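Below is one structure; the comments refer to it alone.
One-based numbering along the sequence shown. Keep in mind that what you see is a predicted model, and the values were worked out from it rather than measured.
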Amino acid sequence: MDQTPKEVAIEFPYFRIYKDGTIDRIYGDPTVPPSPDSETGVRSKDIVISPGSEISARIFLPKIPDPTRKLPLLVYYHGGAFCIGSAFSPTYTHYAASLAEEASVLVLSAHYRRAPEYPLPTAYEDAWEAIQWAAAHSGGSGPESWINQYADFERVFVGGDSAGATLAHNVVLRAGVDGLSGPRIVGMALLHPYFGNDKPDKLLEVIFPSYGGPNDPRVNPVYDPNLGRVGCDRVLVFVAEKDFLRDRGWSYCEALKKSGWSGVVEIVETEGEDHVFHLFNPDSEKAKALMKRTASFLNQVQAHI
């Protein structure tokens, strides 16, 4: 039997692509089942958004004393360079449960199809399909009972970290340009958004065949002529001092202010920290401060309605 090793065409820390077209994932992808969170009392369950594809989600419901009370709905997109990460991972399960408890919001943590098996812009389309699926519950007769019963569609938020923040921005922009029937998106929280930098991005060149370079508006919104049509009232952006993506986060905020958009944008920089530090060290004081600031943003938006 021929044991000749397959020849590698492209390799990144997350995956390798062989010349015969097959793909090996190098980075592990652990998952945990949904269950009540013993620390917070937050319940979770998994749902299918698009049968026949990998578009799915884990939904998180915090403890609520009044069962008739409606909660803000946060549609959240996980990070991972469009290649790794999962709504079902221990990291994102812990984060979403903590955020649901801290902010008292219903969290829909969406899982989209990932590159390189599904090159971009597949994740962009999946992210849009996820929020459309959520929006279809606005009349109270959608397929998911928790959303029907508890979601307040006058208080919808969209968020994400890293590549997930890129998806979140594109979803909210698309809602402003194309319209989104049903919900009112009042706020968007972007944590360490992956808006690139001025250097060539070899990963995007591989996983995004139509990528137009560092100024492609799908990755770098500063160059999007529709930026002023972002479809929400308030935006909160987090950046980290040591993150190589920091400068693009600041540029995004400045461009949004000058775009003609009528909303309010805020930016928070965490000193001495790197990219998505809050996910890797969630019990640190700075991670706890970031969590509280995110929850405060959601509650602040509620108070302005």
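Scored by the side chain to side chain donor-acceptor pair (under 3.5 Å) test, E129 finds S50 as partners (sequence neighbours excluded). Residues meeting the side chain to side chain donor-acceptor pair (under 3.5 Å) test with R218, sequence neighbours left out: S210, D216. With sequence neighbours excluded, the residues that form a side chain to side chain donor-acceptor pair (under 3.5 Å) with D66 are T68. Partners of Y150 under the ring pair (Phe, Tyr, Trp, His ring centres under 6.0 Å) rule, at least two apart in sequence or in another chain, do not exist in this structure. Judged as a salt bridge (charged side-chain N to carboxylate O under 4.0 Å, His left out), and not counting sequence neighbours, D243 has no contacts. Partners of F208 under the ring pair (Phe, Tyr, Trp, His ring centres under 6.0 Å) rule, at least two apart in sequence or in another chain, are Y124. For H137, the side chain to side chain donor-acceptor pair (under 3.5 Å) test picks out no residue, with sequence neighbours left out. Remark: E241 pairs with no residue by the salt bridge (charged side-chain N to carboxylate O under 4.0 Å, His left out) rule, at least two apart or across chains.
In this structure, V48 stands alone, with no Ile, Leu, Val, Met, Phe, Trp or Tyr side-chain heavy atom under 4.5 Å from its own, directly or through other members. Applying the under-4.5 Å side-chain rule to Ile, Leu, Val, Met, Phe, Trp and Tyr, the cluster around Y118 consists of that residue alone.
Each of V235 and V222 belongs to its own hydrophobic cluster when Ile, Leu, Val, Met, Phe, Trp and Tyr are linked at side-chain heavy-atom distances under 4.5 angstrom.
Checking W250 against E269 by side-chain atom types alone, a donor-acceptor pair falls below 3.5 Å.
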Which side-chain N or O atoms in residues 5-15 pair as donor and acceptor under 3.5 Å with protein atoms at least two apart or in another chain?
residue: K6; atom: NZ; partner: T22; partner atom: OG1; Å: 2.9
residue: E7; atom: OE2; partner: K19; partner atom: NZ; Å: 3.0
residue: E11; atom: OE2; partner: R16; partner atom: NH2; Å: 3.2

Scan the side chains in residues 77-90 for donor-acceptor partners under 3.5 Å anywhere in the protein, sequence neighbours excluded, and list what turns up.
residue: Y77; atom: OH; partner: A127; partner atom: O; Å: 2.7
residue: H78; atom: ND1; partner: Y112; partner atom: OH; Å: 3.4
residue: H78; atom: NE2; partner: H111; partner atom: ND1; Å: 3.4
residue: S86; atom: OG; partner: F88; partner atom: N; Å: 2.9
residue: S89; atom: OG; partner: S86; partner atom: O; Å: 3.0
residue: S89; atom: OG; partner: Y92; partner atom: N; Å: 3.1

Stepwise side-chain hydrogen bond (donor to acceptor under 3.5 Å, both in side chains) test for Y252 and H169: CA-CA 11 Å; Y252 171 81; H169 161 78; 3.0 Å; yes

Take R113 and S53 through the side-chain hydrogen bond (donor to acceptor under 3.5 Å, both in side chains) test and state the conclusion after the steps. CA-CA 8 Å; R113 288 174 290 181; S53 78; 4.8 Å; no

